[in-house]
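For ligands, and for the atoms within them, numbers begin at 1 and follow the listed sequence. Every heavy atom of this structure was used, including side-chain atoms; hydrogens, water molecules and symmetry mates were not.
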Amino acid sequence: MTFEEQLQAALEARRNENLYRKRLVVGSAQGVRVIRNEKEYLSFCSNDYLALSNEPRIINAMQNAAEQFGVGSGASHLVCGHSEEHHFLEDELAQFTGRPRALLFSSGYMANVGVISALLGRGDAVLQDKLNHASLIDGALQSGAEFLRYRHNDMQHLREKLQNCKARRKLIVVDGVFSMDGDEAQLKDICALAKAHDAWVMVDDAHGFGVHGEHGSGTVNKLGLGLDDVQIVVGTLGKAFGTYGAFVAGSETLIESLIQFARTYIYTTALPPAVAAATSASLNIVMEEEHRREQLRTLITHFRNKCAAYSIPLMPSSSPIQPIVIGDEAEALEISQRLEAKGIWLTAIRPPTVPKGTSRLRVTFSAAHSLADVNVLVEAICEAMDEIKASSKQPS
Ligand SMILES: *Cc1c(COP(=O)(O)O)cnc(C)c1O
């Protein structure tokens, strides 16, 4: 087979497994109601938990900063791209996380790959939950360290791995809130194990910041875990913050090590300063506007009660990520398509994003959803499931 034919065969295989992905083109700002192909959909699949991605005060901050600083940063941070807006936001993020320092990265993916591969190499070990985000897995693979994976939230399994590990440096890496399941890591147990085995802990709290903890300060702060317990905290800015980018928070030594050695920090253009300015505005709202988190809690409780009443099984999640596991790839896809016909946008999440046979409808809530929106969603899901049952009973 030629190069071209091999690629075509791989695409064909992906289609046959019901795993083919397509992008849908959005013709409006993000929000609870979005336009696609001139049709409005009620959306339950963005990570814009606090409804800040289209917030006028943040747009205004970005416009003002663009007037002053322009649209591009011009270079990487270490050449000449590190602006006052970046520097100021880093100070604010350090305060927000209760850590001595914070460092901006251009995305969460780059932060995770950069941190793990800067801190670990051959002779070291990285221990990860099986359900960790792909960027954490890629960071571990790239680092060259021994890669040990433990079963999801299985502390006994993690303990065994640590006991058998002879590596020079040991780093336990975990999602604070698991991105496809919505449940939380058992951070207190993980930190106790880390201390007993002289390991460091890195928490990727992409889905915890803005949502969990006092003033939205995240899963690590919610549990009162300090720098002694969790040495590395990662947050992303494209989810609850509604903007773009990511940060790492920790000690002076950690941050200086990353500035010197993290290749995804060094060899890439800095975020536009206006994005940093927008994020500063967003951070104020994240901290001050408790009503957004309250609304999320109200929606989550209502959704869970309503699903229980309709016998829709849910996972044990108290986050705005409320997946409905369908299992079969084709069936998850079909429910998603039937919802689309009813004006609801809820993407089916399939392997390799989730383990095989656990394809799901990953429902996510935004503070801008109403209780009526939740009712519409649950009723439409029931209808779609009933339609599928009815059509499979018909003799063909
Ligand atoms: C989204 C996500 C990332 C990646 O962040 P980006 O800024 O989108 O690159 C990393 N980790 C987790 C757990 C995520 O959910």
Side-chain angles (χ1 to χ4, degrees), residues 23 30 45-50 52-53 86 89-90 93 97 102-117 126 128-143 149 152-153 171-185 187 190 201-213 216 218-220 230 232-249 258 262-265 268-272 275-276 278-279 282-283 286 315 317 319-323 347 349 352-355 360 362-366:
R23 302 166 311 163
Q30 277 298 335
C45 39
S46 101
N47 301 311
D48 185 16
Y49 304 123
L50 299 180
L52 295 180
S53 69
H86 298 125
L89 176 60
E90 287 180 346
L93 287 168
T97 54
L103 185 71
L104 281 174
F105 277 76
S106 293
S107 75
Y109 186 95
M110 290 166 77
N112 286 336
V113 169
V115 169
I116 300 173
S117 54
V126 55
Q128 296 207 19
D129 189 289
K130 278 252 163 95
L131 294 190
N132 274 0
H133 191 263
S135 55
L136 297 169
I137 291 162
D138 292 358
L141 293 173
Q142 183 157 326
S143 72
R149 302 185 74 184
H152 179 51
N153 270 343
L171 179 65
I172 305 172
V173 179
V174 71
D175 282 22
V177 174
F178 288 90
S179 54
M180 295 299 136
D181 288 43
D183 59 341
E184 289 168 48
L187 287 183
I190 290 174
V201 177
M202 167 173 173
V203 177
D204 173 359
D205 208 15
H207 301 276
F209 280 113
V211 174
H212 289 320
T219 312
V220 172
V230 176
I232 309 169
V233 181
V234 179
T236 63
L237 303 172
K239 286 164 183 155
F241 287 87
T243 61
Y244 187 76
F247 63 91
V248 180
L258 297 177
R263 295 171 66 86
T264 59
Y265 182 77
T268 197
T269 302
L271 280 178
V275 172
T279 307
S282 168
L283 179 58
V286 166
M315 305 189 77
S317 161
S319 78
I321 304 167
Q322 294 287 333
T347 311
I349 306 278
T353 307
V354 294
R360 65 198 64 187
R362 177 177 178 267
V363 175
T364 52
F365 291 112
S366 147

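- If you number the atoms of ligand 1 from 1 as listed, the ones under 4.0 Å from a heavy atom of Ser107 come out as 7 (O), 9 (O).
- Listed by number with element, the atoms of ligand 1 under 4.0 Å from a non-hydrogen atom of Ser135 are 10 (C), 11 (N).
- Using the six-membered ring where Trp is involved, Phe178 and His152 have ring planes that are perpendicular, over 60° apart on the 30 and 60° scheme.
- Put simply, the side chain of Val177 reaches to within 4.5 Å of the side chain of Thr219, judged on heavy atoms.
- If you number the atoms of ligand 1 from 1 as listed, the ones under 4.0 Å from a heavy atom of Asn112 come out as 10 (C), 11 (N).
- Ser366 and Asp48 are not linked by any side-chain donor-acceptor pair at a separation below 3.5 angstrom, with hydrogens and angles left out of the test.
- The closest protein non-hydrogen atom to atom 4 (C) of ligand 1 is Tyr109 N, 3.6 Å.
- In terms of protein heavy atoms, atom 7 (O) of ligand 1 is closest to Gly108 N, 2.7 Å.
- Assignment of Lys239 to the shell around ligand 1 is supported, since a heavy atom sits closer than 4.0 Å.
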Evaluate the side chain to side chain contact (heavy atoms under 4.5 Å, CB included) criterion for residues Arg149 and Ile137: first the C-alpha distance (whole Å), next the side-chain angles of each, then the deciding distance (0.1 Å), finally the verdict. CA-CA 10 Å; Arg149 302 185 74 184; Ile137 291 162; 3.2 Å; yes
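- Using a 4.0 Å cut-off to heavy atoms of Ser179, the atoms of ligand 1 that qualify are 15 (O).
- Nearest heavy atom pair, residue Asp175 against residue Asn132, reads N-OD1, 3.2 Å.
- Looking only at protein heavy atoms, the nearest one to atom 13 (C) of ligand 1 is Asp204 OD2, 3.2 Å.
- Across all their heavy atoms, Ala185 and Val174 have their closest contact at CB-CG2, 3.7 Å.
- Using a 4.0 Å cut-off between heavy atoms, His207 contacts ligand 1 through its side chain alone, with no backbone atom that close.
- The minimum heavy-atom distance linking Ala240 with Phe209 is given by the pair CB-O, 3.3 Å.
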